[in-house]
Q: 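Pasting a structure below so you can have a look.
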Amino acid sequence: MLKLTIISFMFCFVPSYQQFPRLCATREALRIKECCPSWEGDGSPCGASSGRGFCQDVEVPDQPDGPQYPFSGLDDREKWPLVFYNRTCQCAGNFMGFNCADCKFGYFGVNCNDRRESLRRNIFHLSRAERIRLMSYLNLAKQTISRDYVVATGTYQEMENGSNPMFADVSLYDVFVWMHYYVSRNALLGGPGNVWTDVDFAHWAPAFLPWHRLYLLHWEHEIRKLTGDMDFTIPYWDWRDAQGCDVCTDELMGARSSQDPSLLSPGSVFSSWKVLCSQAQNYNDRGVLCDAVEEGPLRRNPGNHNRNVVERLPTSADVEFTLSLTNYDTGAMDRGANMSFRNTLEGFGDPQTGLGNSSRMGMHAALHVFMNGSMSSVQGSANDPIFLLHHAFVDSIYEQWLRRHEPSPSQYPESDAPIGHNSEYHMVPFLPLYRNREFFISSKDLGYEYSYLLNAMFFILILHFQISIYQRLAESMRPYLEELQDVWPWLLLAGLCGGIVAVTIAAAILTAKRRCGRSPWLHMSKWKNAFALSEKQPLIRSSDTEETKHRNYQTTI
């Protein structure tokens, strides 16, 4: 069945829209700096003839960046994507994609007018068939070479300003590995060992959460297109209060090898995976980019990490404290930000005090360190498929914060954030183009929901409904209670008088009974049968009791 699935989808690929589209990785496209491929539906660039989009000049923001990166014109990611292209497709309406062939997240249909809401679920709540399908999809993505896009293996300067394109074929899964590497790599300043390490276009600053939200959405979307399963969603791993890597089993993300604790068990499909773009120091020493060549097996050794860096996995209390922080980001908006929700969730703010530059890593970063392997390198962490489960849960915490605090768009900084992180900056290395602020919105606006947040919202609505009823009842009773305040003394006096009268009547009856105790009309035995109701059948039969006993206690199969 899996072979048939692979064969059938090899013939029905549709154009994708990641960095770099094959049609834009040519000498001609780089020379004219234009990435406006035709839409197959009408043969026009960006589907212009059908009103799907238009080829337009790229507009980049001019707001100042923070001081963390003091250079200009040295890195291909600066003012993305102008080094490579200054004209790209700008899609209209609900259309999306490097050639406007797709629908925006949360929409589908011929004209992208139909709304869809997907549900991301806890991986432990998936059925066995769903878990097998997830592993099959991941492995299919790892083994399928992308037909639609390639990855850059050299800088624009090394490409001789586009006249010598340097791109490589990789699998669908590895395109995303490369993207995470490329956005977080060090800046090459020229020559071996000459790099700037204090720069990251998707971490250590405000865009951390919006960038990874977009990243997961694109990954999810590509898997749907690869498999044809439009209901596929990324599951999440709820790691709160976990004592270890409970997803590290051969049924899920791979158990530990008995031969080498840093490798995966041969019983896991992931044990045969090879990583790429994971040797940051090697690239820095040579002053080059990752060449997208396989670099060895996937490694993981959960729990055998440096305890001075990460003491334990995050707790429910850590998450709750993080969610209580009202400011999205603060100060210089980097790893030193104090009382910053973003910095604390990312793991550089202490989840008990909120102070930045913590000596120990927490929250998101703690999971990466705890895995003690491929996941523990920022640039190469996406090689491990646990990355997806982990970041889906991080994204759900981000979603909780957005719903709880309902921040205004102005909470996301327009200027002075580290380079790549201002609100209007185009996210590196996505094509088509997206700005950071576009993903500072609820997941509901992007067409997806988390199962445990859905349940929480249900109970909140029920509680709100109950409180509303009590409030309305109190409001309706208030006029009567106010009137009772005026008449309660008279009601008390009336009650006392009533009590006296009742006692007097009772005493009179008792006196009369003593005097006429032998009068036959006072004896009630003769009336008893007159008022007795006959019992037609017993309420419980012994046979019924035995039947019930056997029905309620059945043998578990």
Q: SG to SG, are C55 and C89 under 2.5 angstrom apart?
A: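 Judged by the SG atoms alone, which are 2.5 Å or more apart, C89 and C55 are not bridged.
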Q: Give the minimum heavy-atom separation between F95 and K104, together with the two atoms involved.
A: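 So the minimum-distance heavy-atom pair works out to O-CG, 3.9 Å.
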Q: Does R115 count as lying over the ring of Y107, i.e. NZ or CZ under 6.0 Å from the six-ring centre, within 45 degrees of the axis?
A: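 Satisfied, under 6.0 Å and within 45°.
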Q: Evaluate whether atom CD of E414 has more than 12 neighbouring non-hydrogen atoms of other residues, nucleotides or ligands under 6.0 angstrom away.
A: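 Open.
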Q: Would K142 and D174 pass as an ion pair if we require N to O under 4.0 Å?
A: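 Judged by the 4.0 Å cut-off on N to carboxylate O distance, K142 and D174 do form a salt bridge.
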Q: Suppose we call two aromatic rings close when their centres sit under 6.0 Å apart. Are H390 and F370 close by that rule?
A: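 No.
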Q: Would R116 pass as a cation-pi partner of F108, given that its NZ or CZ must be under 6.0 Å from the six-membered ring centre and within 45 degrees of the axis?
A: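 Yes, R116 sits over the ring of F108.
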Q: Is a donor on one side and an acceptor on the other found under 3.5 Å between the side chain of R435 and the backbone of E424?
A: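 Side chain of R435 to backbone of E424, a donor-acceptor pair under 3.5 Å: yes, one is there.
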Q: Do the side chains of K33 and D57 get close enough for a salt bridge, i.e. N-O under 4.0 angstrom?
A: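 Result for this pair is no, no salt bridge flagged.
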Q: Is a salt bridge present between D395 and R120, judged by a nitrogen-to-oxygen distance below 4.0 Å?
A: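 R120 and D395: salt-bridged.
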Q: Between N436 and M427, is any pair of side-chain heavy atoms under 4.5 Å apart?
A: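 Result yes, sub-4.5 Å side-chain heavy-atom pair found.
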Q: Would R185 count as a cation-pi partner of Y181, with NZ or CZ less than 6.0 Å from the six-membered ring centre and within 45° of the ring normal?
A: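 No cation-pi geometry.
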Q: Please determine whether the number of non-hydrogen atoms from other residues, nucleotides or ligands lying under 6.0 Å from atom CD of Q157 exceeds 12.
A: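 For Q157, atom CD is not crowded (no more than 12 foreign heavy atoms under 6.0 Å).
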Q: Testing W178, F84, F20 for side chain to side chain contact (heavy atoms under 4.5 Å, CB included) with P429, which one passes?
A: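 Exactly one pass, corresponding to W178.
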Q: Looking at the rings of W211 and F201, which for Trp means the six-membered one, are their centres under 6.0 Å apart?
A: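 Distance test on ring centres: not under 6.0 Å, no.
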Q: Are there more than 12 heavy atoms of other residues, nucleotides or ligands under 6.0 Å from atom NZ of K79?
A: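 At most 12 heavy atoms, drawn from other residues, nucleotides or ligands, come within 6.0 Å of this atom.
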Q: I'd like to check E294 versus W273 (side-chain heavy atoms, cut-off strictly below 4.5 Å). Are they in contact?
A: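 Side chain of E294 against side chain of W273, heavy atoms only: no contact under 4.5 Å found.
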Q: Is it the case that more than 12 heavy atoms not belonging to M159 sit under 6.0 Å from its CE atom?
A: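 It does: M159 CE has more than 12 such atoms within range.
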Q: Is the ring pair W239/F393 parallel, tilted or perpendicular, if the boundaries are 30 and 60 degrees?
A: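 Aromatic pair W239/F393 classed perpendicular.
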Q: Inspect cysteines C46 and C100 and report if their side-chain SG atoms are under 2.5 angstrom from one another.
A: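 No, the SG atoms are not under 2.5 Å apart.
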Q: Does the separation of the ring centres of H212 and F208 fall below 6.0 angstrom?
A: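 Yes, close enough.
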